[in-house]
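For reference, the structure discussed in these notes is given below.
Counting starts at 1 for both ligands and their atoms, in listed order. Position 1 is the first residue of the sequence, and the numbers go up from there.
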Amino acid sequence: GLGSINIPVYVHVIYSNSQENISDAQIQSQIDVLNADFNLTNNDASNTPTEFTDVLADADINFTLAGVTRKASSRTEWGTRDEMKFASNGGVDVVTPESALNIWVCNIGGGILGYAQFPGGDPATDGVVVGPEFFGDTGYLAAPFDKGRTTTHEVGHYLNLRHIWGDGRCKQDDFVADTPSSDGPNYGCPSYPTVNCRSNDMTMNYMDYVNDECMYMFSEGQKARMRALFAAGGARESL
Ligand code: ARG
Ligand code: ZN
Ligand code: CA
């Protein structure tokens, strides 16, 4: 196989007040959460129901902080149209997207925690966007999204993962065989088993919509889908 994959990370903090100008410690805490979640060293993985332990995956992907950009702005909400990704719009330009993950930390607004671009898109907008109070697990944070799992979820999208319900009804696939079919997102902290589409939902998967402390796993099928991007001809081979 490919062995460990290492992804350099550029974090761009765009803030309209001092709280949104999150600390270096908060930024590093998010890098640490990513490394735990993508290497199955997160302590809460032990909560995985027996039904799913066979497919509990160590994705073996490492993240290293390559640089931090800080930019003050009078803009308080950035939306989801990628304006934060361009200096010409008052944002910060992407840095070497062919060889690094870019994360913009700014207030999106509209109750949106984060969003991501799938592989194969415009390099100028490649990466993920996360609100400051959902980034990392220490500092300026808003429970129940205060364990850094929004970024884990968005990096899952950046690495080609879909939501586990496939964004459709029971027959809509997420293109991953070992995540059971579901007909929509789960929220809060569901009890196990939660049955939809005649099977138990993998509500504890990072690609559902549950609270941060209630999501703690990727599956083997998701691991294979992510890692395929780094093989010869894959969309993120250059990373
Ligand atoms: N894109 C999703 C949203 O903004 C992210 C959901 C993340 N979920 C979480 N528990 N952190 O709604
Ligand atoms: Zn999502
Ligand atoms: Ca599936």
Side-chain angles (χ1 to χ4, degrees), residues 26 29-30 33-34 36-38 42 44 47 51-52 54-57 77-82 84 103-119 121 125 127-138 140-190 194-226 228:
Q26 183 164 351
S29 79
Q30 182 63 70
V33 170
L34 288 172
D37 291 351
F38 283 84
N42 54 304
D44 48 1
N47 296 333
E51 176 185 1
F52 300 132
D54 283 354
V55 300
L56 178 61
E77 291 194 4
W78 286 88
T80 55
R81 292 184 179 173
D82 294 333
M84 72 292 289
I103 305 179
W104 289 265
V105 179
C106 59
N107 186 46
I108 298 168
I112 296 170
L113 311 177
Y115 75 95
Q117 181 168 303
F118 285 107
T125 51
V128 312
V129 184
V130 180
E133 69 272 49
F134 314 116
F135 197 72
D137 68 355
T138 186
Y140 171 55
L141 292 165
F145 305 110
D146 54 353
K147 306 283 182 239
R149 260 67 192 259
T150 298
T151 306
T152 299
H153 175 109
E154 301 308 338
V155 173
H157 286 313
Y158 167 87
L159 297 176
N160 213 23
L161 299 187
R162 306 284 161 155
H163 295 134
I164 50 162
W165 67 97
D167 295 308
R169 306 300 296 183
C170 293
K171 287 185 175 157
Q172 185 68 44
D173 205 354
D174 66 349
F175 312 112
V176 172
D178 61 12
T179 54
S181 168
S182 189
D183 63 350
N186 293 289
Y187 295 98
C189 198
T194 292
V195 182
N196 286 298
C197 309
R198 302 175 175 221
S199 56
N200 298 338
D201 278 2
M202 192 181 279
T203 65
M204 62 295 302
N205 193 285
Y206 296 122
M207 302 316 290
D208 204 334
Y209 268 0
V210 298
N211 292 347
D212 278 18
E213 66 179 5
C214 302
M215 52 169 61
Y216 40 78
M217 68 171 293
F218 288 119
S219 75
E220 287 291 342
Q222 289 175 319
K223 171 182 177 177
R225 189 169 165 81
M226 289 191 279

Handout entry: Any N, O or S atom of Thr179 closer than 3.0 Å to the Ca ion (ligand 3)
Key = yes

Exercise for the section: Look at the aromatic rings of His153 and His163 and report parallel, tilted or perpendicular, splitting at 30° and 60°. Expected result: tilted

Handout entry: Sub-4.0 Å heavy-atom contact, Phe145 with ligand 1
Key = yes

Problem - Rounded distance [0.5 Å steps], CG in Leu161 versus NZ in Lys223 - result: 13.0 Å

Fill in the blank from the handout: The atom of His163 among N, O or S that is nearest the Zn ion (ligand 2) is NE2

Problem - Backbone or side-chain N or O of Arg149 under 3.5 Å from ligand 1 N or O - result: no

Fill in the blank from the handout: Closest to the Zn ion (ligand 2), among the N/O/S atoms of His157, is atom NE2

Fill in the blank from the handout: For Asp174, the N, O or S atom at the shortest distance from the Ca ion (ligand 3) is OD1

Practice task
Using a cut-off of 6.0 Å, state whether more than 12 heavy atoms not belonging to Glu220 lie near its atom CD.
Solution key: yes

Handout entry: Protein residue, atom and distance nearest to atom 10 (N) of ligand 1, heavy-atom basis
Key = Val210 O, 2.5 Å

Completion exercise
Taking only non-hydrogen atoms of Thr150 and a 4.0 Å limit, the atoms of ligand 1 in range are 7 (C), 9 (C), 11 (N)

Practice task
Look at atom 4 (O) of ligand 1 and say which protein heavy atom is nearest, naming residue and atom and giving the distance to 0.1 Å.
Solution key: Leu113 N, 3.0 Å

Exercise for the section: Please work out whether the ring planes of Tyr209 and Tyr187 are parallel, tilted or perpendicular, with thresholds of 30° and 60°. Expected result: tilted

Practice task
Report yes if Gly114 has an N/O atom closer than 3.5 Å to an N/O atom of ligand 1; otherwise report no.
Solution key: yes

Fill in the blank from the handout: of all protein heavy atoms, closest to atom 9 (C) of ligand 1 is Asp212 OD1, 3.3 Å

Problem - Axial cation check for Tyr216 ring with Arg149, 6.0 Å and 45° limits - result: no

Handout entry: Electrostatic pair Arg169-Asp183, nearest N-O below 4.0 angstrom
Key = yes

Completion exercise
Paired with Ser219, the side-chain hydrogen bond (donor to acceptor under 3.5 Å, both in side chains) test is passed by just one of Asp174, Asp178, Asp54, namely Asp178

Exercise for the section: Classify the ring geometry between Phe218 and Phe38 as parallel (under 30°), tilted (30 to 60°) or perpendicular (over 60°). Expected result: tilted

Completion exercise
among protein heavy atoms, the one nearest atom 2 (C) of ligand 1 is Glu154 OE2, 3.6 Å

Handout entry: Validation row: Asn200, Thr194 side chains within 4.5 angstrom (heavy atoms)
Key = no

Practice task
Decide, counting backbone as well as side-chain atoms, whether Gly221 has an N, O or S atom less than 3.0 Å from the Ca ion (ligand 3).
Solution key: no

